[in-house]
Amino acid sequence: MSNDEITLTAGDAEVALVPGSGGRVRSLRVGGVELLRQGERYGCFPMVPWCGRIRDGKFRNGATLHQMPLNSPPHAIHGTARDGAWRVARTGKNEAVLTYDLVEPWPYPGRVTQIAALTEDSLTLTMSVEAYDSSFPAQIGWHPWFNRNLGQDDARVDFTPAWQEERGADHLPTGNRIAPLPGPWDDCFGMPDGVHVTLSWPGQLELTVASREEWVVVYDEQPEAVCVEPQTGPPDGLNTRPRLVTPIEPLEATTTWTWRTL
C-alpha cells in the first residue's frame with residue numbers, strides 16, 4: 001500500500017497519519033480546529049523502542065553493552081522508529097494499521113505495529129513490539145505536541161500524580177521519588193492507577209489523555225505547545241526498569257485521547 005498521508009474521519013473529527021515520516025500522527029482536527037502543533041516539531045510521534053533519554057546512549061541486555069547514536073548529546077532520545085518509514089498494513093475510513101521493522105542502529109530484529117482508531121470523540125493509539133529471535137528490553141510511548149492555544153485562552157493542565165521522578169542536572173531521573181512540584185515541567189510522573197491527564201482550553205475544548213500505563217512525561221517549557229507523553233517506563237528505563245520483549249511475549253501499550261466541546 002502507499003505510504004502517502006492517510007486521512008481518517010469520524011463525525012467532525014479528522015486525523016492525518018504520515019507513515020513515511022516515522023508513523024506520525026500529523027494532524028488532529030476537531031470541528032475544523034487543529035489540536036496538534038504544526039511546523040518543525042509537530043503532530044504526535046511514536047517513541048519506540050525506548051522513550052525519553054538513555055543515559056550516554058548506552059544500555060545493557062544481559063552482559064552485552066549497546067551504544068545508541070547520541071541524537072541529544074550526551075544522550076540518545078526517543079527511540080529509532082520516529083526516524084524511519086513505516087508501512088501501511090491496512091487502512092479504512094476510521095482505522096489504520098502501520099508497521100515498522102526494527103533495523104540498525106537498534107541491535108535486535110523485531111517489528112513494531114501501531115493501530116490508530118478514530119471515533120467521533122476519541123482517538124485510540126495501540127502499539128506493540130515483537131521480537132523475532134533474540135529477547136531485548138524495550139519501551140513504548142507517544143509524544144504529542146498539543147497546541148497550547150486554540151485561538152482564545154491557553155490550555156490548562158490537570159492531573160494528580162502519585163509522585164514525580166526527581167530530575168537531575170542531566171535531565172534524567174535520579175532514582176528518587178518526590179512530591180509533585182509545580183510547573184513548568186520536563187518531568188516524569190507516576191500514576192499507578194493509570195495515566196489520566198486533562199487539557200482544557202477554556203470555553204472551547206477539553207481533552208483527556210489516558211492509558212493503562214503508570215508513567216507520563218509532561219513537557220510544557222515551550223510557549224507553543226504542551227506535551228503529555230504516556231509511556232511504559234520512565235526515561236532511561238531500558239537501564240533502570242527494563243521490560244523484556246521475547247519471541248513469545250510482545251510488549252503492548254495503548255493510549256486514548258477523548259475530547260468534548262465546552
Chemist: For Thr9, enumerate each residue passing the side-chain hydrogen bond (donor to acceptor under 3.5 Å, both in side chains) test, keeping only those at least two apart in sequence or located in another chain.
Modeler: Lys93
Chemist: Only counting residues at least two apart or in another chain, list the ones meeting side chain to side chain contact (heavy atoms under 4.5 Å, CB included) with Asn176.
Modeler: Glu166, Thr174
Chemist: Report, one line per pair, each donor and acceptor closer than 3.5 Å where one atom sits in a side chain of residues 222-231; sequence neighbours left out.
Modeler:
residue, atom, partner, partner atom, Å
Gln222, OE1, Arg37, NH1, 2.7
Gln222, NE2, Tyr219, OH, 3.3
Glu229, OE2, His143, NE2, 3.3
Gln231, NE2, Gly233, O, 2.9

Chemist: Could you list who else is in Trp215's hydrophobic cluster, with ILVMFWY side chains joined at under 4.5 Å, directly or through other members?
Modeler: Trp163
Chemist: List for me each residue that meets side-chain hydrogen bond (donor to acceptor under 3.5 Å, both in side chains) alongside His66, sequence neighbours excluded, and say none if there are none.
Modeler: Tyr108
Chemist: Would you list the pairs meeting salt bridge (charged side-chain N to carboxylate O under 4.0 Å, His left out) in which at least one residue belongs to residues 248-262, sequence neighbours left out?
Modeler: Glu206-Arg260
Chemist: Among pairs that include at least one residue of residues 10-23, which meet side-chain hydrogen bond (donor to acceptor under 3.5 Å, both in side chains), considering only residues two or more places apart or in two chains?
Modeler: Ser21-Tyr42
Chemist: Counting only pairs under 3.5 Å, give me each side-chain donor-acceptor contact of residues 43-56, with atom names and distances, residues two or more places apart or in other chains.
Modeler:
residue, atom, partner, partner atom, Å
Trp50, NE1, Gly52, O, 3.2
Arg55, NH1, Asp170, OD2, 2.3

Chemist: Residues in ring-ring contact (aromatic ring centres under 6.0 Å, His included) with Phe189, at least two apart?
Modeler: Phe159, Trp185
Chemist: When clusters are formed from ILVMFWY side-chain contacts under 4.5 Å, directly or step by step, what else is grouped with Ile115?
Modeler: Val97
Chemist: Which residue pairs pass the salt bridge (charged side-chain N to carboxylate O under 4.0 Å, His left out) test with at least one member in residues 171-190, sequence neighbours excluded?
Modeler: Glu165-Arg177, Arg167-Asp187
Chemist: Can you list everything that forms a side chain to side chain contact (heavy atoms under 4.5 Å, CB included) with Thr124? Sequence neighbours excluded, please.
Modeler: Thr126, Thr254, Thr256
